[in-house]
There are 2 protein chains.
Amino acid sequence: MPKQTFFNLDPTKRQAVIDAAVEEFAQFAYEQASLTKIVEQCGIAKGSMYQYFTDKLDLYLYVVDLAYEKKRSYVSQAFAQEGDIFAVLEEYYLQSYEFARKHPLLHQVANKFWDSKAEVLRPQLEEGRLSRARDFAQFLSDAMERGNVNPSLDPEAVFFVYHAVGKDLIDCFDQRRNSQFLKQVLDVLRLGLTARKEEV
Amino acid sequence: MPKQTFFNLDPTKRQAVIDAAVEEFAQFAYEQASLTKIVEQCGIAKGSMYQYFTDKLDLYLYVVDLAYEKKRSYVSQAFAQEGDIFAVLEEYYLQSYEFARKHPLLHQVANKFWDSKAEVLRPQLEEGRLSRARDFAQFLSDAMERGNVNPSLDPEAVFFVYHAVGKDLIDCFDQRRNSQFLKQVLDVLRLGLTARKEEV
DNA sequence: CTCCAATGTGACTACCCAGTCATTTTTACA
DNA sequence: TGTAAAAATGACTGGGTAGTCACATTGGAG
């Protein structure tokens, strides 16, 4: 959490600090990112940064939080709508793409977060992964009960496949990957997961 | 490529250098790995390392090469055997697991290679990814022609799904993931990809 | 034994980084 | 206007890095 001093700042200056930090953390993972470059970019003294944040980690987590707050404002509507698990997931990824298109830097910040190797980020990463796994497991078991997903499949394996594909769908997002491609990928998964009469 | 001096070295000493480098590059990606720690670990002078290798990158690529050479000696037999695409892939991952079990450090070196963010590694990474994509695309189009894979699916999407899952299968390899789990994951993919009569 | 090329060496350079702190500047209020 | 608290500052510390180079050691040929 930033210190009070940061929130007392003139909004223009505060935004300049945020912008510079977002730019740096979009380009480099936590370890490679340079606080020195950030302060140079936004034109404040090194020491000033330490009036606003306790350390590099504090600033980083604040920026990652901003990115995910914004992302949540996009993807949350996917879960609000009705429909089977496949429709919800398609909407989720479409909204993720929209977020990435509108806020490319925040998108990169959010993505790079999961690549962080720094020891200090271990707790946050672990907690994040766990909470995602919990949410998806719940979502999946609901879908299995409602009969959308083949109940004979190992839920752990289903989760594993979805997680791997989902991560890459968002990771490898770029202008070339359109919603048509997304549909095709989700189709492969749908065919693999849907309950069916014919056994192959 | 190492310099001739490296190959003139006493085999014991040469192996000590390799072991120390493998240990470091198994634990840290290229950028985070420290040449200083490597020379300390194997007990040679910093300058000596530069008698053997032109720079850190030279040493790194040599070690990555060793890792992949060893790995190839495991997985190559998967492609030698007969059987449909699903059988070949199961064998491929089983052999990858065997490699990881027998050579955990080399496994980590090979895996970490793809995480590298360093600009100097860009060409190698790009070439590596391209050549893998080419191989798998060929493999896939053969399977589609032979009728194992649903021909109505977009080959790019199929490749994308397989690549994502395959990467994570190897990435997340650890003692808990046994061949039973692997079968379940490949089952999800098989169901998603196999040509079928019933439309869902 | 001598000599010279090949090899080994580690202090050193030049560069990066996060974080500190004594000092100065700004601000707010009496 | 005077003063005290808040905020801003940037030189500095201590630590890390890859790579260099003048010098020391080794080993084999003559």
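Letters go in sequence order (proteins before strands), and every chain restarts at 1.
The shortest distance between side-chain heavy atoms of A:Leu169 and A:Tyr92 does not fall below 4.5 Å. Taking the side chain as every heavy atom from C-beta outward, A:Val64 and A:Phe25 never approach each other to under 4.5 Å. Between B:Leu125 and B:Phe113 there is a side-chain heavy-atom pair separated by less than 4.5 Å.
What separates CG of A:Leu59 from P of C:dG19 is a distance of 10 Å, to the nearest Å. Whole-Å rounding puts the B:Lys3 NZ to C:dA6 P distance at 13 Å. Counting to the nearest Å, the C1' atom of C:dG8 and the CZ atom of B:Phe6 are 15 Å from each other. For the pair B:Phe7 CZ and C:dA6 P, the interatomic distance rounds to 18 Å; values are reported in whole Å.
Taking a cutoff of 4.0 Å between a charged side-chain nitrogen and a carboxylate oxygen, B:Arg101 and B:Glu98 qualify as a salt bridge.
Partner of A:Tyr74 under the ring-ring contact (aromatic ring centres under 6.0 Å, His included) criterion, chosen from A:Tyr68, A:Tyr97, A:Phe99, A:Phe79: A:Phe99.
The shortest heavy-atom contact between B:Ala26 and B:Lys112 is O-NZ, 2.9 Å.
No donor-acceptor pair under 3.5 Å is formed between the side chain of B:Arg190 and the backbone N or O of B:Phe86.
The end-to-end axis angle of the helix from C:dC1-D:dG30 to C:dA30-D:dT1, rounded to 10 degrees and based on five pairs per end, is 20°.
For residues 31-54 of chain A, the pairs satisfying salt bridge (charged side-chain N to carboxylate O under 4.0 Å, His left out) are A:Glu24-A:Lys37, with sequence neighbours left out. Contacts classified as salt bridge (charged side-chain N to carboxylate O under 4.0 Å, His left out) and involving residues 126-140 of chain A (residues at least two apart or in different chains) are given here: A:Arg122-A:Glu126. Among pairs with a residue in residues 48-63 of chain A, none fulfils salt bridge (charged side-chain N to carboxylate O under 4.0 Å, His left out), at least two apart in sequence or across chains.
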Item to check | Contact state string [nucleotides 25-30 of chain C, B base, S sugar-phosphate only, - no protein heavy atom under 4.0 Å] | outcome: ------
Next on the checklist: At under 4.0 Å between heavy atoms, how does the protein contact nucleotides 8-20 of chain D? Give one character per nucleotide, 5' to 3', with B, S or -.
Outcome noted: BBB------SBBB
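At D:dA7, one or more side-chain N or O atoms of A:Asn8 fall inside 4.0 Å of OP1 or OP2 (strictly under the cut-off).
A side-chain N or O of A:Glu91 and one of A:Gln95 form a donor-acceptor pair less than 3.5 Å apart.
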